[in-house]
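Note that the structure is a prediction, hence the values are computed from the model and not measured. FYI, side chains are in, hydrogens and waters are out, and symmetry mates aren't considered; it's all heavy atoms of this structure.
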Amino acid sequence: GNLAPMSNQIVDSFPPNATSPALPVAIPDNTPAGITIDLPVSGLDPVISGLSIDLDMDHTWVGDLIVELVAPNGTALTLFDRIGFPAGAFGCPADNINTTFSDDATMTAADFENTCTNGMLGTFQPIDAFAALNNANPNGTWQLRISDNAGGDTGSLTGVSLNISTLGSIPQPTYEF
């Protein structure tokens, strides 16, 4: 699997501060350039062995959205891209996303594409496998890019948790922003 078991894993939760985003963050309507949210990570062992991300978004018409995760080394991975589009001319009309993305998920990116239910609940594989980041250094500024690519519906990012496992002995936190 992509997330290596850690006998010494811990969870750090912290409120927004000078280096983490204040949530919620508005997603501008019909703006393909979208928004970029910095997710600073430091103090981890320097070799990624697994990754997952939890996303909470309040947004009408989720078929408007594209979400990418960019690692500190510049590697950009697409989580999803306009759910239900082009199968439907306007994409999935469902509202809100409360989803975990993990390579270990039994449901695929295609399953996510075809779910189209309010909340988009569940654990799904991203379009681009997080395994591409295995052995990379997790320390540095990660970025979450979110764009709304059609007019008429708006929303915001209300929560994000970046879950990183590494090789080594330093306890690995979950970064909740």
Side-chain angles (χ1 to χ4, degrees), residues 2 11 13-41 51-72 74-130 132-133 141-164 174-177:
N2 194 35
V11 175
S13 297
F14 50 90
N17 58 40
T19 60
S20 62
L23 297 175
V25 176
I27 302 164
D29 190 32
N30 198 22
T31 307
I35 57 169
T36 299
I37 298 143
D38 288 341
L39 307 172
V41 172
L51 177 69
S52 69
I53 188 168
D54 306 317
L55 281 182
D56 294 317
M57 301 169 73
D58 290 341
H59 194 285
T60 53
W61 208 287
V62 297
D64 292 354
L65 301 173
I66 299 172
V67 176
E68 294 179 309
L69 180 66
V70 182
T75 301
L77 301 174
T78 301
L79 304 184
F80 64 89
D81 185 340
R82 301 206 61 197
I83 305 158
F85 182 87
F90 300 105
C92 172
D95 297 340
N96 307 328
I97 292 175
N98 304 101
T99 305
T100 297
F101 292 92
S102 169
D103 285 355
D104 290 337
T106 56
M107 293 187 283
T108 67
D111 293 331
F112 187 73
E113 174 76 16
N114 294 312
T115 296
C116 196
T117 59
N118 288 339
M120 303 294 290
L121 300 172
T123 302
F124 297 87
Q125 297 169 10
I127 289 175
D128 295 327
F130 293 146
L133 296 173
T141 300
W142 294 73
Q143 294 182 323
L144 188 65
R145 294 181 188 159
I146 304 171
S147 63
D148 179 314
N149 296 272
D153 293 276
T154 61
S156 60
L157 173 70
T158 58
V160 58
S161 295
L162 185 58
N163 312 295
I164 302 169
T174 295
Y175 282 85
E176 294 183 17
F177 298 90

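- Side-chain N/O atoms of D38 and Q143 include a donor and acceptor closer than 3.5 Å.
- Interatomic distance, CD1 of I66 versus CG of D81, reported as 4.0 Å (0.5 Å rounding).
- With values rounded to the nearest 0.5 angstrom, S102 atom OG is found 8.5 Å from L51 atom CG.
- Between atom CD1 of residue I146 and atom CG of residue L55 there is a gap of 6.5 Å, rounded to the nearest 0.5 Å.
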**Q.** side chain to side chain contact (heavy atoms under 4.5 Å, CB included) assessment of D128 paired with T75
**A.** CA-CA 11 Å; D128 295 327; T75 301; over 6 Å; no
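- Between A132 and L77 the shortest heavy-atom distance is CB-CD2, 4.3 Å.
- Separation of the F124 and F80 ring centroids does not fall under the 6.0 Å cut-off.
- Checked by atom type and distance alone, the side chain of R145 never pairs as donor or acceptor with a backbone atom of V67 at under 3.5 Å.
- Judged purely by atom type and a 3.5 angstrom limit, N98 has no side-chain atom pairing as donor or acceptor with the backbone of L121.
- The closest side-chain donor-acceptor pair between T158 and D56, if any, does not fall under 3.5 angstrom.
- Annotation for T115 and M120: closest pair CB-CE, 3.9 Å, computed over non-hydrogen atoms.
- Atom OG1 of T78 and atom CD of E68 lie 4.5 Å apart (nearest 0.5 Å).
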Q | Residue pair D54, T100: steps toward the side chain to side chain donor-acceptor pair (under 3.5 Å) verdict | A | CA-CA 4 Å; D54 306 317; T100 297; 2.6 Å; yes
Q. Stepwise, does the side chain to side chain contact (heavy atoms under 4.5 Å, CB included) test hold for W142 with I37?
A. CA-CA 8 Å; W142 294 73; I37 298 143; over 6 Å; no
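- Put simply, the side chain of N149 does not reach to within 4.5 Å of the side chain of D64, judged on heavy atoms.
- Atoms OG and CG, on S147 and L65 in that order, are 7.5 Å from each other to the nearest 0.5 Å.
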Q: Could you please spell out the steps behind the side chain to side chain contact (heavy atoms under 4.5 Å, CB included) verdict for F130 and L69?
A: CA-CA 9 Å; F130 293 146; L69 180 66; 4.2 Å; yes
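- How far CD1 of I35 is from CG of L144: 7.5 Å, rounded to the nearest 0.5 Å.
- Checked against H59 for a side chain to side chain donor-acceptor pair (under 3.5 Å), the options T154, N96, D153, D148 give a single hit: D148.
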Q) Passes side chain to side chain contact (heavy atoms under 4.5 Å, CB included), M107 versus T123? Steps please. A) CA-CA 7 Å; M107 293 187 283; T123 302; 5.5 Å; no
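- Between I97 and I83 the shortest side-chain heavy-atom distance falls below 4.5 Å.
- Remark: the T60 side chain and the D95 side chain contain no N/O donor-acceptor pair separated by less than 3.5 Å.
- Two residues are said to be in side-chain contact when any heavy atoms from C-beta on lie closer than 4.5 Å; T117 and C92 fail this criterion.
- Shown here for E113 and G84, the closest heavy-atom pair between the two residues is OE2-N, 2.8 Å.
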